[in-house]
Amino acid sequence: MNLNFSETEERFRGEVRAFVAAKLPAALRDKVLGHKRLEREDFLTWVRILNTRGWVAPGWPRKFGGQELDPARQLILEEECALAGAPPVLPFGPRMVAPVIMAFGNAAQQEYFLPRILNGEHWWCQGYSEPGSGSDLASLKTRAERRGESYIVSGQKTWTTLAQYADWIFCLVRTSQEGRPQEGISFLLIDMKSPGVTVRPIVMLDGEHEINEVWLDNVEVPVANRVGKENEGWTYAKFLLGHERVSNAALGVSKRALRELKAIAAATPAGSGRPLLEVPRFRDRIAEVEIDLMALEVMVLRVIAMDRERHTPGPEASLLKLHGSQIQQTISELAMEALGPYAPLHQPLALSADWAGAPAGPPLGPGVTGRYFNFRKTSIYAGSNEIQRNIIARHMLGL
Amino acid sequence: MNLNFSETEERFRGEVRAFVAAKLPAALRDKVLGHKRLEREDFLTWVRILNTRGWVAPGWPRKFGGQELDPARQLILEEECALAGAPPVLPFGPRMVAPVIMAFGNAAQQEYFLPRILNGEHWWCQGYSEPGSGSDLASLKTRAERRGESYIVSGQKTWTTLAQYADWIFCLVRTSQEGRPQEGISFLLIDMKSPGVTVRPIVMLDGEHEINEVWLDNVEVPVANRVGKENEGWTYAKFLLGHERVSNAALGVSKRALRELKAIAAATPAGSGRPLLEVPRFRDRIAEVEIDLMALEVMVLRVIAMDRERHTPGPEASLLKLHGSQIQQTISELAMEALGPYAPLHQPLALSADWAGAPAGPPLGPGVTGRYFNFRKTSIYAGSNEIQRNIIARHMLGL
Amino acid sequence: MDFTFTEEQTQIRDALRRFLSETYTLERHRRIARAGSGCDPEIWAQFAELGILGLLIPQPLGGIGGNAFDALVVMEELGRALVIEPYLATALVGAGILVRAGSPAQQEILAGVAAGKTRLALAHDEPDSRWRLGAIATRATREGAGWTLKGRKAMVVDGAGADYLMVSARTESGLSLFLVPGPTERLTRAALGTHDGSSVAEIALDGVRVPADALIGSEGGALALVEAAREVAIAGLCSEAVGAMDALLALTLAYVKTRKQFGVPIGGFQALQHRMADMLLHAELARSMSYLATAKLAVPDAGERRRALSAAKFLIGRSARLVGQEAVQMHGGMGVTDELATSHYFKRLTLINASCGDRDHHLDEFAAGMITSFPQALLSRSAANASAPRSSG
Amino acid sequence: MDFTFTEEQTQIRDALRRFLSETYTLERHRRIARAGSGCDPEIWAQFAELGILGLLIPQPLGGIGGNAFDALVVMEELGRALVIEPYLATALVGAGILVRAGSPAQQEILAGVAAGKTRLALAHDEPDSRWRLGAIATRATREGAGWTLKGRKAMVVDGAGADYLMVSARTESGLSLFLVPGPTERLTRAALGTHDGSSVAEIALDGVRVPADALIGSEGGALALVEAAREVAIAGLCSEAVGAMDALLALTLAYVKTRKQFGVPIGGFQALQHRMADMLLHAELARSMSYLATAKLAVPDAGERRRALSAAKFLIGRSARLVGQEAVQMHGGMGVTDELATSHYFKRLTLINASCGDRDHHLDEFAAGMITSFPQALLSRSAANASAPRSSG
């Protein structure tokens, strides 16, 4: 039993730290740490920088351009980047569609798509959810009809994160009405520039545009863009979901958010000359979430170790998702509460990096309340926390 | 809209206060306030005193010896008695079996039983629950077979509070196996001295003896002791449960417990010369439960007003039970936490009024932790809080 | 005891609810919010028409002379309909102060308030005061027959749109309140939007000159006025929150009864049913405390009154959080979009908590009062012979 | 990183679990608890036989020279089996102090400890100290070649049954620790029972004379020893709680799978399923923190070490509360009786929270460390230009 990172792992952490310090542009870092709105180019800039070192998808097999980095090092990489203020590497390409293409795609698909994920040429988005099918994914209705060497796809996908920037979308579509709902589903790769694809923004409760509806109106998709066999997409879909292991724990970004929360509370006067950080009631709550974060980190390391041991993902990722999402929500709520009377302010202009004005209220204030509102999503997306509890009850408790 | 008690109600409160101050024996009061173990005679002493004023069952119709006091005055009476340190008037006779006898019993039953409830001659206990039927009451198995002018009753009842003191038990028994489980149930009054009745103590987790199993082994019960019609007992049972309206909110005893909690926290040194009552973290929690108690009190008054308005009990009593039980549990838990390192002590001798020794630890300490343990029951008994939530969901939300 | 509303109150409620449900749709709400001023003139005129702008103004001064429970009824309806217009600021807080302490000349303004022509704003809180009513740094110094005001005010509801500001400032004899016309020299107002679409302002007073008769009430007597105004505001916010929770609970209930997953309405899942039962409990606790808060407004004992108001504001903040968060969660993805009313109620409920003191602030106030009111006599009994060693029990 | 146990640890675990599951039945537990001494000689002898009493004692001194993770394994099993014997007090805390700081003569006692012949108790806490390690009033004054001890000790685990007490007392140079035989003149021990059946004592030292060589370690050096002992105790209690939670969760799971209401096992009700999922989450968080606490015992940086231990004790107290309360609730009426093991686990988990500092105490300790460790540099950046008025965003 040894909970420390090994010496070589710590050395790797040093390498990451040095790389990020040297390569992350200061303007981009300030944008991230200042919670400015990130544009398409911001994400891509960082992807290209990471790619010079092979760190866009470091866990991939070497034959596909990866480094076969173990999960502990991937965790270190992700955490150091997050703490230093790098934009996140979005999971849709490297951690979602890529593993499916690697495992079930053909050689042509692998050769074409994988390098373009690494170099940022293809921005991917996820076509899973539909208006009627949230937690009940298998009830999806988007239909693909075979016509010669193409599928004609019609339907509507929703909650599609950053689809406004995407080049490709991976979609679950219904290719058969026979059997159980799970049985007639196929996994298609669709070019967003195809005629018939329309992206419509969904405005979130914080007023920001992050998610979209994607309408597919008789979109022609070459059969060659189907991954694996027809009607077996459900297997691939589950494989993909099982692949998102520890990143839903959001360890790195929560550490950064906690650091920021303390800075806000330390800068907030709370009467009697004390900052809010020293008011016992508030201090207690920060302390509690910090302890929860410590426990989450050990849990993440344990799950990584378990996965390594048994060579197959178990249901414990649901515990990480549950706890990690609650921590994200708690930190964002405490930050809002720290703002006190200033919490109501909504200053969308202040979220733009170009804006030259000075925001009203506390300097770290803009965006804080919006983030609290926005982060209600963390217990809803990627399998709602209700679904996670169902999974835990069934697969860990045998109920 | 007016949330104050009327002048005449306040006058009534004054009368109660004066009566209790004059009549409640000091030794008995100290026993109650000191949380000593109460004996059969302690309860009966107070019942006899109350009976001199007609206050054992003041809500009963005049023709049965009551005063037709409205629920607001009953609440005042109960609260003032509780705050002054009187033993509770147990509900099993006056508030449970009596309304059933009044509504569905015959004249002979009414004449015989009701006066004996008022004067304390009959101590009643409740024979509803069985080992296999907790929340699912209708699944009860105790059987009564008709033999001439008697029933022969066999089965087992459980969770029977203070059955060790009881003269009579009212029982739900199965008189028919036909139809739905609810259909073959009858309501019998059984003399505890009947041959075949055995009471076996159940030790509670705090080491005290408060509840019992009651075994019925071929007990002969005159048919004359059946209330109402054969096989229609379920109706009477539900009537009885619907009758317990606001007393499950435990308003009076929780007020007394809160007062005591503050006394404990004020007497507990917490470092830097401050009592625990002034440590913000702990003070906050006391304040929160006090606020919850304020809200509960208004809720109780609202439910009383609603009942008066529509002349029939609604499902809101479930809200009172839910909230009231949680308040009882919170107060008892805070008292235990106030004891700090002394919480583990178990001093059962100190709960006896006869014991001449001095307890170890804080003077108000003995019994506090046991009470926390014991009060876990408040979310289990009288319809578990899960059942209350089911009722609320079905009858108030229409789910 | 009596929990019924009068016939008049029922009439006000019905009329207002009818008007708002027809007129104040979510689309209208969104349009008003986007416009930025936080107040739709057409709606405001209708409020005047309905008589509610003069609710607390005595009839001789142009109003209808209603009471605190009338205000409760109105605020519940405004909460139910997600109204962002600054009704509370003008009709309850502002008018309340002038009715209570305004000079006859100042009270002439009230007819305009009732008629929907004049809006009022209390400019009291400051950048670092964090709801502490006494933490005021703005100063008023005598100059000739008048006063000069210097300082900053923060988060002033409707501060940019109001026709008159009531500005608190320190003078030699304590805190004083001044009536200042909105557009005034050396006074700048920066309008700021909030997450619920209403408008607040930061106000800078850079040597604002006002005449002697700008003083509201007596010099040094403002703290009592501001405290009373804050109490009225708290009761109003509590009622508004109760109305919003009612509506949100109804929305959520309708959603879980129709939204299907795995072939059945999600309202059939027991885990959600039990959580909805808790939502209802907390909404009903909130309603109870809202009634109590309004009832206690009239109690002369300041300690008792403030304890009840702080208790109510705390508990309602807690209920609003639970009901709001759970409603969003039960709506799933739809709950975090701008499309349904759900997220708007959630945001408004969140912001109500941050107005006039949040949960922490009021728990603190309540607890401080709790300790001073605790009977110290009980202490001596229990503290006696605290730690001598004893034989086992 | 490595979360596996060594083969030796697995052997200890298996042997201990086998022994306890055969021997330490609920009936036996109840019998030992009723006897009042909190220690069954037969069980204790078996512990010696299994080698666990000498776990932390180096081989040359008669033990097996194990490490902190060996202790974790043992404590988890003791927790799982509801063992009330004072293993922690003697084998981890007491022996740990003598191994660390005992003179060669004092260390001779350790062979007896390993052999199950000698029990030790740390007598440190006092009636009003409420877990604050420095709040000690007992005094030791030099008299001739020896010392005289005066004061009171409270809630001393196994204080009445131990063969040796380690008594802390103030001397001129600070806090010092003295080894005192259990039965000693002018020392009275009042045994007290606790709700989990174990035994603690109140101890009065009414001028107890001890020789010069009774001093453990250096004069004035006791605080460090007591702190280290407290850290070991916290890690041990955390592991014990994890074992108890495992067992309680398993019990509850078995119960809800078999107990039927309305014709189906109650484990089929989704409301309970979701709550059990939360129980599991909290039990796993607790296990994670228990590992962390034990791992950090060896860290030289006192701040880092203590923060981790306080964090663990807090979180495990929180988990223990949730798991314990929920387990009782799900057992319904059966959960509040003495009959099932359920209530005994619940009580033990509750009492673990009250040992060596409860949730509040450790949250306080952790938070104090958090503030001193917070990088003040971040502050200046964010505090800059705090409250100038600005134009709207």
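When reading the values below, keep in mind they use all heavy atoms of this one structure, side chains included, and skip hydrogens, waters and symmetry mates.
- For chain C, the nearby part of B:E9 is the side chain; its heavy atoms alone come within less than 4.5 Å.
- Top candidate by heavy-atom pairs under 4.5 Å with chain B, chosen from C:L281, C:L72, C:L315, is C:L281.
- Residues C:L272 and C:I266 share a closest heavy-atom pair of CD1-O, 3.6 Å.
- Options C:R359, C:Q9, C:M276, C:K296 differ in how many heavy-atom pairs under 4.5 Å they form with chain B, and the most are formed by C:M276.
- In this structure, the portion of C:F314 lying under 4.5 Å from any heavy atom of chain B is its side chain and not its backbone.
- Per-residue counts of heavy-atom pairs under 4.5 Å with chain C were compared for B:L399, B:I392, B:D284, B:L322; the largest is that of B:L399.
- There is no contact between B:L345 and chain C, counting heavy-atom distances below 4.5 Å.
- Under the 30°/60° scheme for interplanar angles, the aromatic rings of C:F262 and C:F269 are found to stand perpendicular.
- Here B:D354 pairs with B:S352 under the side-chain contact (heavy atoms from CB on, under 4.5 Å) rule; sequence neighbours left out.
- Sorted by first and then second residue, the side chain to side chain donor-acceptor pair (under 3.5 Å) pairs involving residues 276-285 of chain C (not counting sequence neighbours) are B:R302-C:E284, B:R389-C:D278, C:E284-C:R287.
- Counting only heavy atoms from C-beta outward, the side chains of C:M334 and C:Y255 approach each other to under 4.5 Å.
- In this structure, chain B has heavy atoms under 4.5 Å from both the backbone and the side chain of C:D364.
- Of the two parts of B:R394, neither the backbone nor the side chain holds a non-hydrogen atom closer than 4.5 Å to a non-hydrogen atom of chain C.
- Of the residues considered (C:S288, C:S310, C:G267, C:A311), C:S288 shows the highest number of contacts with chain B, using heavy-atom pairs under 4.5 Å.
- B:T378 and B:N385 get closest at one heavy-atom pair: O-OD1, 4.2 Å.
- Contacts of C:F3 with chain B are made by both backbone and side-chain atoms, with heavy-atom separations under 4.5 Å.
- For B:D292 and C:R318, the salt-bridge test passes: some basic side-chain N is under 4.0 Å from an acidic carboxylate O.
- Annotation: maximal heavy-atom pairing with chain C below 4.5 Å, among B:E309, B:M294, B:R283, occurs at B:R283.
- Closest approach of B:M396 to B:P315, counting heavy atoms only: CG-CG, 3.4 Å.
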